[in-house]
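Whatever order the structure lists ligands and atoms in, that order sets their numbers, starting from 1. Note that this is a predicted model, so its numbers are computed, not measured.
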Amino acid sequence: MRLVLIGAPGSGKGTQGERLVAETGAQHIATGDLLRAEQQAGSKLGREVGGYLNSGSLVPDEVLFELVLPLVRSPAGYILDGFPRSVAQAERFAELTGPDTAPDRVLYLQVAKSELVARLLRRAGEQGRPDDTEAVIRHRLQVFDEQTSPLIDYYRQRDLLAVVDGGQQPDAVYRGLLGTLGLR
Ligand code: AMP
């Protein structure tokens with residue numbers, strides 16, 4: 001199975017992505033996690049992207065394609081969490097990979113903005129991510145609205161989109177996802 005999860009920061013993509021991986025055996029490709037791992041390892045790539053991560057702006061497309069393309073071709077399929085994050089990335093992804101690697105479904109986890117901010121501030125207390133401060137959270141939500149949310153229509157026009165209510169408790173969201181995918 002090849003799935004794309006779209007959702008604003010704090011919408012639960014990571015949590016739900018991990019559960020879907022356990023259910024489907026597909027590979028979880030969480031681009032934010034991959035980039036943070038590079039940053040923490042102090043690799044050349046990690047040093048290049050640190051400023052973007054800390055400020056909550058999007059990392060240049062070339063970096064993402066370098067990270068993601070070798071992974072998506074796995075026969076196990078994928079759960080893409082955090083990529084694509086713009087229509088330009090989606091278009092280039094489709095061009096570079098072709099129909100055999102295209103997503104089967106795209107799931108949009110819809111959550112009200114007030115709930116997103118509350119969740120991210122809570123996570124800031126728990127995990128101490130440098131991009132979970134209030135100012136950076138606001139910027140990341142703006143980046144989602146401006147650069148990522150046009151993907152919702154992009155995939156709707158291609159008949160791939162399903163919208164799931166991500167504002168509920170994690171178990172209820174997961175049941176919604178499984179129902180949408182016809183897995184339960
Ligand atoms: P996330 O963990 O998904 O919230 O991502 C954390 C940060 O990683 C984002 O704020 C961006 O700086 C960067 N990032 C993750 N995925 C992408 C992507 N597809 N394109 C550009 N930047 C990304």
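The shortest side-chain heavy-atom distance between Leu67 and Thr31 does not fall under the 4.5 Å cut-off.
Each of Leu71, Thr101, Leu3 was scored for a side-chain contact (heavy atoms from CB on, under 4.5 Å) with Tyr78, with one residue passing: Thr101.
Within 4.0 Å of ligand 1, contacts by protein heavy atoms are made from Thr31, Gly32, Leu35, Arg36, Tyr52, Leu53, Gly56, Ser57, Leu58, Val59, Leu64, Gly82, Phe83, Arg85, Gln89, Arg129, Arg140.
Checked against side chain to side chain donor-acceptor pair (under 3.5 Å), Gln27 has no partners two or more places apart in sequence or in another chain.
Within 6.0 Å of CD in Gln127 there are more than 12 heavy atoms belonging to other residues, nucleotides or ligands.
Ring geometry, Tyr108 versus Phe144: the interplanar angle falls under 30°, so the pair is classed parallel (tilted spans 30 to 60°).
Remark: the Glu38 side chain and the Ser43 side chain contain an N/O donor-acceptor pair separated by less than 3.5 Å.
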